[in-house]
2 protein chains.
Amino acid sequence: MEDQLEAEAADGTTAERTAPRKRQARGERRIAEILAAAARVLAAQGYEKTTTNAIAAEAGISPGSLYQYFRNKDEIAAELATTYAAGLRAAHEAAFDLTDVTNLTPGETIDRVIDPILAFNLANPGFKALHARPDMPPGLAAATRPIHDALLGRVISLLKTRFPERSLVELNLAGQLMIQVVQAAMPSVTTADADERPVIITEVKRMLGAYLRELAER
Amino acid sequence: MEDQLEAEAADGTTAERTAPRKRQARGERRIAEILAAAARVLAAQGYEKTTTNAIAAEAGISPGSLYQYFRNKDEIAAELATTYAAGLRAAHEAAFDLTDVTNLTPGETIDRVIDPILAFNLANPGFKALHARPDMPPGLAAATRPIHDALLGRVISLLKTRFPERSLVELNLAGQLMIQVVQAAMPSVTTADADERPVIITEVKRMLGAYLRELAER
DNA sequence: GACAAACACGAGCGATCACTCGCATTCTTT
DNA sequence: AAAGAATGCGAGTGATCGCTCGTGTTTGTC
């Protein structure tokens, strides 16, 4: 990561990105610590009730130091949302092989889409506090939207290969509804005892499966 | 409404409710105005961002006058939640005749349950800002819970008559999931253009219908 | 070792919010 | 009409929050 030392002078535009001037190992670590702390506080308190002082305290630094790395509270949340988006996308791409979609049963397809989302939500409790809450500042919504759009796009393209006879508006609506259902059930899953979760998850999958069958026979 | 003048002296316990001491026509009106104003602000801003000063301004009174009638912000919200609960219950009871449940098709049953909820949500935009938001103070959650419980009880008893062979835990889970689905789709419905709404509503009902069919064949 | 940039601190500023208090006004009762 | 309770006001209080600033400490570079 330190292999470019003075090869950036030629390019003035990205100079601040590739090599600000000198050393940043400590700072880089701090940023990660702050984001981890913010995720923890966010998961416990929700966005509105999360204070920057609480994040700083959780990270073990002073409030002032926090603003050495982030312009304001929203930027911390936006950065975290971006990180989550990347993580969720990665989780999906790892569990999902686009080539063999056609020879999966509907139930298997549902599993392939739902399970990574569930696992991600269980592993990242702070995610849902950041994802499409209605009381968010518009700047943050911009960072949050790509997560939703990427997932929606994936679901729609999946529906398209499985129901080529359906119109795109129809599939769009179906995709949005299915995502809403999973999101709606998510709090129940994450707050339930670990041994209750499979029951809830099975039920959600049954509903989605039934809906897909209805879509096929329509 | 002013037919009890001095017939309350016999009952000491409910004296403050029926006749505090003297005159309250103006005050009674104010309370209604404050609640209406609070509903408007709540619908536009959400619970956390709603300030008591904004409610007072919307009601056309001073912040001080607000506290003549309510102890604090939460009490306003709680009172409003209670009002909503009564309204929703009334809407349901008007649209719902428990006697002829058995000779309705599943689709009709779904309409009977869903339509009043939809109508109520469209007519009372402030309702969803108050209903089971995760960032609410515990005191408010207490006022909000009866709404959910009443609805859940109604749905479950309905499922019980239609699926007597299913266990109660199973029906409980099914009822909760179905309610979650309707609630999850509600923002899409209320924010959509009026001509888009039927499409979304139809789709939600299709999903619920498909799920009920799956529940029957299970 | 000298210098400057990066990093860290924490008291505190300005704004906001829920709520109070002293006082003025309106209404009811006698 | 006089008393007093109900109603109304709005500046102000104390608490909290996001964020800044002056200052001090660490760390890489020469």
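All values derive from a computational prediction rather than experimental measurement. Sequence lines set the chain letters: A, B, ... in the order given, protein chains first and strands last, and positions in each chain run from 1.
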Under 4.0 angstrom between B/Y67 side-chain N/O and C/dC19 OP1 or OP2: yes
Rounded distance (Å) that lies between atom C1' of D/dT7 and atom CD1 of B/I61: 10 Å
For atom NZ of A/K73 and atom P of D/dT20, their distance in whole Å: 15 Å
Side chains of A/L42 and A/I55 in contact at under 4.5 Å (non-hydrogen atoms): no
Sugar-phosphate only, base, or nothing, as touched by A/F70 at under 4.0 Å among non-hydrogen atoms: nothing
Check: B/L66 and B/N53 side chains under 4.5 Å, non-hydrogen atoms: no
Nearest-Å distance for atom pair CD/P, residues A/Q45 and D/dT16: 14 Å
Atom pair distance, as rounded to whole Å: CD in B/Q68 and P in C/dC19: 15 Å
B/S65 side chain near D/dT7 phosphate (N/O to OP1/OP2, under 4.0 Å): no
Members of residues 27-37 of chain A that approach DNA chain C, where some heavy atom sits under 4.0 Å away: A/G27, A/R30
Between C1' of D/dG28 and CZ of A/R26, the distance in whole Å: 11 Å
Donor-acceptor pair, side chain of B/D193 and main chain of B/D195, under 3.5 angstrom: no
Residues that A/E33 engages under salt bridge (Lys or Arg N to Asp or Glu O under 4.0 Å), provided they are two or more places apart: A/R30
Interatomic distance where CZ belongs to B/R71 and C1' belongs to C/dA18 [whole Å]: 15 Å
Minimum side-chain heavy-atom gap B/S188-A/Q180 below 4.5 Å: yes
B/Y211 and B/V181, any side-chain heavy atoms less than 4.5 Å apart: no
Nucleic acid contacts of residues 48-55 of chain B, taken as heavy-atom distances under 4.0 Å to DNA chain C: B/T50, B/T51, B/T52, B/N53
Any donor-acceptor pair under 3.5 Å from B/N121 side chain to B/I117 backbone: yes
d(OH, A/Y69; C1', C/dA6) in whole Å: 7 Å
Pairwise side-chain contact, A/H92 with A/V113, heavy-atom cut-off 4.5 Å (strictly under): yes
Gap between atoms CG and P, on A/N72 and C/dG14 respectively (whole Å): 20 Å
Nearest-nucleotide pick for B/S62, side chain only, options being D/dC19, D/dT7, D/dC9: D/dC9
Axial cation check for B/Y84 ring with B/K128, 6.0 Å and 45° limits: no
